[in-house]
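Input: a single structure, listed below in structure tokens.
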There are 2 protein chains.
Amino acid sequence: MKVQNIKVACSSCTLRELCMPAGLEPDELKRIDELVSTRRTVRRRETLFRNGERFTSLYAIRSGFFKTRVASEDGRDQVTGFQMAGEIIGLDGIVNDQHTCDAVAIEDAEVCVMPFQRLEALSREVTALQRHVHQIMSREIVREHGVMLLLGSMRAEERLAAFLLNLVQRLHARGFSRSEFILRMTREEIGSYLGLTLETVSRTLSKFMSDGIVEIDQRKVRIVDPDGLRRIVNPPGG
Amino acid sequence: MKVQNIKVACSSCTLRELCMPAGLEPDELKRIDELVSTRRTVRRRETLFRNGERFTSLYAIRSGFFKTRVASEDGRDQVTGFQMAGEIIGLDGIVNDQHTCDAVAIEDAEVCVMPFQRLEALSREVTALQRHVHQIMSREIVREHGVMLLLGSMRAEERLAAFLLNLVQRLHARGFSRSEFILRMTREEIGSYLGLTLETVSRTLSKFMSDGIVEIDQRKVRIVDPDGLRRIVNPPGG
DNA sequence: CGGTCAGTTGAACCTGATCAAGTCAGGTGG
DNA sequence: CCACCTGACTTGATCAGGTTCAACTGACCG
């Protein structure tokens, strides 16, 4: 783990519109710059935090990709999400002052460390920030509802199609292509997230390819027929 | 829907320790009494709020039982949780000022209505309340992680066992028996929550019964061998 | 150039879904 | 009060989607 003390200003960060509230007054903007104490770089395969560790901070991802995962007492584990630049992780730790999942970088990453005490103090004073924190947590709850729907009621093809559409949509919101992207995660990680085995993920992607819906070369994905994917997620006839 | 304007004081509510922060100063406690605007009764099968409705308030359940469910564009739906006295619902609405799921009473219920604006204003001033709101949202995120683990990696028997243990544990925390309780939901609702069909739920419960782990008479459940259930959830050998 | 890890593909198997029939409890109306 | 109806539940038989096990390919790296 590497901690950088380089001062970084949210006010001049290109990702601000993703992690910070919009429409702040100049003086509020200035106060927000106190929020991030340090940055931290996390190399591929390293953890940002682990189940059981003391919770102190939320983390805003500046670059790179993370996965979060929970484990049951016996060895099984479940990927609960993939997070990219501009997203906030660590919310699970707030309830019991202790993290309940692992956050692992799946490619070299850099995060902004936001000590939670500071965040709470500041959001008592800056209403827009308070609102923003609530929205971030609520958004995570809604996202997880979607995953529950996926895991509880969708078939393999539907899960994969929904997964690909979700990824490309988030990447597009960050200025990347609307149709091409690189998978940062392995088939096994995708499978763990979607409640499938890696073989089923592989087979299903192959099927999408032979149906002419996507082109896949290793980790490189090109979505040829986005409507085809959408039809798979929401079959027209019920 | 019936709205009661009877003034209710959180400060004198028996459920306070469940929905409100502990260790408040007397003056803080007094201010908290401003939080609940009204109570509302919801009959069985009626909804407290629906997907698409404008979000205004969080609701603390005073009595009764709810389920929350999300729906995909085609008809499928997924129960995302069962909520009982002392629990807070409505958090999904915060992100977009609009509810994204339905909350349906599965038995006659009464809730305390907490206008969210008021809650935000008050939590800017009462630090313990601010912290409490954060904890409630974080707790929900952690709960959903658990459901994702369940849906993504457990087999039918494990899901049912985990479900029964979770229910009885929450009921016991509310002063009910450690081993007996009434199921408030149908087999179909349980199945939707656990990603199973109602037939599988029924069969699996029958199996538990013939294994001497539980006794079931209609909706009445008696857990005979809690350790047996725990062993099913966490098989000793991996 | 060999070793390792990720991914693909095939074949057999199994868990849980689906379809179907029948039971049971509770409520309603004659 | 009883016959009937309905919704919830149970149980059986069959089916299928996805898992499991296994073999193989290909990319990457020391």
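Basis for what follows: all heavy atoms, side chains included, without hydrogens, waters or symmetry-related copies. In what follows, chains are A, B, ... by sequence order, proteins preceding strands, each numbered from 1.
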Run the ring pair (Phe, Tyr, Trp, His ring centres under 6.0 Å) check on Phe176(B) and Phe181(B) step by step: do they pass? CA-CA 8 Å; Phe176(B) 295 99; Phe181(B) 60 96; 9.9 Å; no

Ignoring backbone atoms, test whether [X] places a side-chain nitrogen or oxygen under 4.0 Å from the OP1 or OP2 oxygen of [N].
| X | N | answer |
| --- | --- | --- |
| Thr186(A) | dC5(C) | no |
| Arg203(B) | dT11(D) | no |
| Arg187(A) | dG7(C) | yes |

State, yes or no, whether a side-chain contact exists between Ile61(B) and Ile89(B) at a heavy-atom distance under 4.5 Å.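 Yes. Closest side-chain heavy atoms under 4.5 Å.
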
Is there side-chain contact between Leu171(A) and Ser177(A), with heavy atoms separated by less than 4.5 Å? no

Write down the distance between [atom1] ([X]) and [atom2] ([N]), rounded to a whole number of angstrom.
| X | N | atom1 | atom2 | value |
| --- | --- | --- | --- | --- |
| Ile216(B) | dT23(C) | CD1 | P | 21 Å |
| Leu198(B) | dT11(D) | CG | C1' | 12 Å |
| Leu194(B) | dT15(C) | CG | C1' | 16 Å |
| Lys207(B) | dT15(C) | NZ | C1' | 13 Å |
| Arg76(B) | dT18(C) | CZ | P | 11 Å |
| Arg219(B) | dG26(C) | CZ | P | 11 Å |
| Glu199(A) | dA6(C) | CD | P | 13 Å |
| Leu160(B) | dT15(C) | CG | P | 16 Å |

Using a cut-off of 4.0 Å on non-hydrogen atoms, how would the nucleic acid contact of Gln218(A) be classed: base, sugar-phosphate, or nothing?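 Sugar-phosphate, backbone atoms only, no base.
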
Give a yes or no on whether a salt bridge exists between [X] and [Y], defined as a side-chain N under 4.0 angstrom from a carboxylate O.
| X | Y | value |
| --- | --- | --- |
| Glu46(A) | Arg40(A) | no |
| Arg143(B) | Glu144(A) | no |
| Arg43(B) | Asp108(B) | yes |

Near-ring test Tyr193(A)/Phe82(A), centroid separation under 6.0 angstrom: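 Yes: the rings meet the under 6.0 Å criterion.
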
Identify all pairs in which a protein N or O lies below 3.5 Å from an N or O of nucleotides 15-18 of chain D, and state each distance.
unit_1, atom_1, unit_2, atom_2, d
dG18(D), OP1, Ala156(A), N, 2.6

